[in-house]
Protein chains: 2
Amino acid sequence: MFSKLNRSHRASSVERHMNDFRRGKGWGAQIKRMGRRMTVPRRAIFKVVSNSSKHLSAEDIYMEIHKKYPGIGLTTIYRTLKLLVKTGLLIKHEFGEGCARYEYTAGKIKEHAHLICMSCGKVQDCSDIDIEKFGLDKISKEVSSRYSFNIKRKRLVFHGLCEECVKGGKK
Amino acid sequence: MFSKLNRSHRASSVERHMNDFRRGKGWGAQIKRMGRRMTVPRRAIFKVVSNSSKHLSAEDIYMEIHKKYPGIGLTTIYRTLKLLVKTGLLIKHEFGEGCARYEYTAGKIKEHAHLICMSCGKVQDCSDIDIEKFGLDKISKEVSSRYSFNIKRKRLVFHGLCEECVKGGKK
DNA sequence: ATAAAGATGAAAACTATTTACAAAAGTATT
DNA sequence: AATACTTTTGTAAATAGTTTTCATCTTTAT
């Protein structure tokens, strides 16, 4: 389905990037550059996190992996997650539940806000609002110049009540 | 009863609020309204957190308290912190160090950004940048209308390299 | 002053995450 | 392909922050 479309136009660097990531190629290369190895467990874990758009916990990933690879242990999940965070493909979130959650961000430079419901605990992505354009760019500029801070990553989180909880009257 | 006394200088509601909080009065009242009690450990803990402008961990608070009240245990610190968070006087932060940190916010409605250095781990407040005016207000409005989300609290965190670490060339 | 409800401290329990270590698997070199 | 070398793994044990349990002590309303 892509071959026809792509005949005429040369894949942009971003597209190539994304494709590499999809195939796990990019990560394999990155890993190798660090003098480390691409293994079966790592490939499996990468597949799970990169195919999910949710915020997965180590436990979530373990349970998913466990269906296909009952031999892979939780320890390996933690180790691999740490590695993925280090290579920048994954963001580690701590939403205050007592466990970390991981979000796949390959190639995506665009930051998005998160909504956390204080009543039901649900976490939503605001991926369709361009927070940069809505003013985050100005704040960032001001912050980095006024504090001489070299910003690498931005995180915007709103705590409040989600639509259902407001309606449902749940407190 | 206040109108006559405060003829020359009528304390604004914010000032009264702040004064109450400074004396611990406000919290005492709030606590009582919840059918709970004001005790010696709670007063001591409140004093420590409300007089500090830092981001204190439970351990930090415990050590501070312990100088004056060696009898007060860490468990009570945790219980009291939870109570203070519930009444809204304290914000619980999880900066990714493995322990929570608490920030006193009595009366202060103004939200400020935080800078976390990825190299040395230092956490800075950006209290002198009005992030609302710099665009957070617009993002919030957009988010709450587009997602029907009732925003109670906003959190903006920048991860990157602080001035010293950029200069020092560490990492 | 007293009774009832709530709060406390010490120790134990819990939970997410990390570490230790011997065995297994990936990689580069023959 | 067999080798030798290094990294990674799985299991179990260790850690660290936080929460729970429970008997005792405080606070508060009466």
Side-chain angles (χ1 to χ4, degrees), chain A residues 24-25 27-46 48-49 55-66 68-87 90-102 121, chain B residues 24-25 27-49 55-63 65-66 68-87 90-102 121:
Chain A
K25 254 184 84 181
W27 188 39
Q30 255 179 297
I31 260 189
K32 205 160 275 185
R33 242 174 278 130
M34 301 165 83
R36 320 201 59 180
R37 296 168 183 178
M38 181 46 75
T39 64
V40 172
R42 283 181 182 167
R43 226 184 305 272
I45 293 166
F46 179 78
V48 168
V49 299
H55 305 93
L56 301 171
S57 67
E59 194 68 34
D60 292 339
I61 296 163
Y62 174 69
M63 296 203 298
E64 189 59 32
I65 292 278
H66 198 263
K68 272 208 157 184
Y69 303 86
I72 296 179
L74 187 52
T75 310
T76 300
I77 309 284
Y78 277 109
R79 281 189 281 230
T80 304
L81 288 174
K82 189 174 275 182
L83 192 57
L84 278 159
V85 169
K86 200 185 291 179
T87 52
L90 228 49
I91 289 188
K92 183 179 183 180
H93 289 285
E94 301 201 84
F95 292 131
E97 309 157 288
C99 69
R101 294 193 167 271
Y102 298 83
Chain B
K25 256 184 80 181
W27 188 41
Q30 258 179 296
I31 259 188
K32 205 161 276 186
R33 243 175 277 127
M34 301 166 82
R36 319 199 61 181
R37 296 166 183 179
M38 181 46 75
T39 64
V40 173
R42 283 180 183 169
R43 225 183 305 271
I45 294 167
F46 179 78
K47 202 172 172 184
V48 169
V49 299
H55 305 94
L56 301 171
S57 68
E59 194 68 35
D60 292 339
I61 297 164
Y62 174 69
M63 294 203 299
I65 292 279
H66 198 262
K68 270 208 159 186
Y69 303 86
I72 296 179
L74 187 52
T75 311
T76 299
I77 309 284
Y78 277 109
R79 280 190 282 231
T80 305
L81 288 173
K82 188 174 277 184
L83 193 58
L84 278 158
V85 169
K86 198 185 292 178
T87 53
L90 229 49
I91 289 189
K92 182 180 183 179
H93 289 285
E94 301 200 86
F95 291 130
E97 308 157 289
C99 70
R101 294 193 167 272
Y102 298 83

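A note on names: the letters A, B, ... follow the listed sequences, proteins ahead of strands, and every chain is numbered from 1.
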Below 3.5 Å between N/O atoms, which protein atoms pair up with nucleotides 16-18 of chain C? Just atom names and distances, please.
residue	atom	partner	partner atom	Å
C:dT17	OP1	A:Ala100	N	2.9
C:dT17	OP2	A:Tyr78	OH	2.5
C:dT17	O5'	A:Tyr78	OH	3.3
C:dT18	OP1	A:Lys82	NZ	3.4

*asked:* Side chains of B:Leu84 and B:Trp27, heavy atoms from C-beta outward: is any pair under 4.5 Å?
replied: yes
*Which atoms form the tightest heavy-atom contact between A:Pro41 and A:Ile72, and what is the distance?*
CA-CD1, 3.6 Å
*Length of the OH-P vector between B:Tyr69 and C:dT8, whole Å*: 13 Å
*Do B:Arg43 and B:Met38 come within less than 4.5 Å of each other through their side chains, counting heavy atoms only?*
yes
*State, to 0.1 Å, how close A:Lys92 and A:Ala100 come at their nearest heavy-atom pair, and which atoms those are.*
CE-CB, 3.6 Å
*Roughly how far, to the nearest 0.5 Å, is the CG atom of A:Leu81 from the OH atom of A:Tyr62?*
14.0 Å
*asked:* Ignoring hydrogens, what is the shortest heavy-atom contact between A:Ile45 and A:Thr76? Give both atom names and the distance.
replied: CD1-O, 4.0 Å
*Any A:Arg42 side-chain heavy atom under 4.5 Å of A:Ile31 side chain*: yes
_Which label fits B:His55 and B:His93: parallel for a plane angle under 30°, tilted from 30 to 60°, or perpendicular past 60°?_
perpendicular
*Walk along DNA chain D from 5' to 3' and tell me the first and last nucleotide with an atom closer than 4.0 Å to a non-hydrogen atom of chain A.*
D:dT6 to D:dA12
*A:Gln30 side chain to A:Thr87 main-chain N or O, any donor-acceptor pair under 3.5 Å?*
yes
*Exercise: identify the closest heavy-atom pair between A:Arg101 and A:Ser57*: NH1-N, 3.6 Å
Between the protein and nucleotides 25-30 of chain C, list every N/O to N/O distance that falls short of 3.5 Å.
residue	atom	partner	partner atom	Å
C:dG26	N2	A:Arg37	NH2	3.0
C:dG26	N3	A:Arg37	NH1	3.1

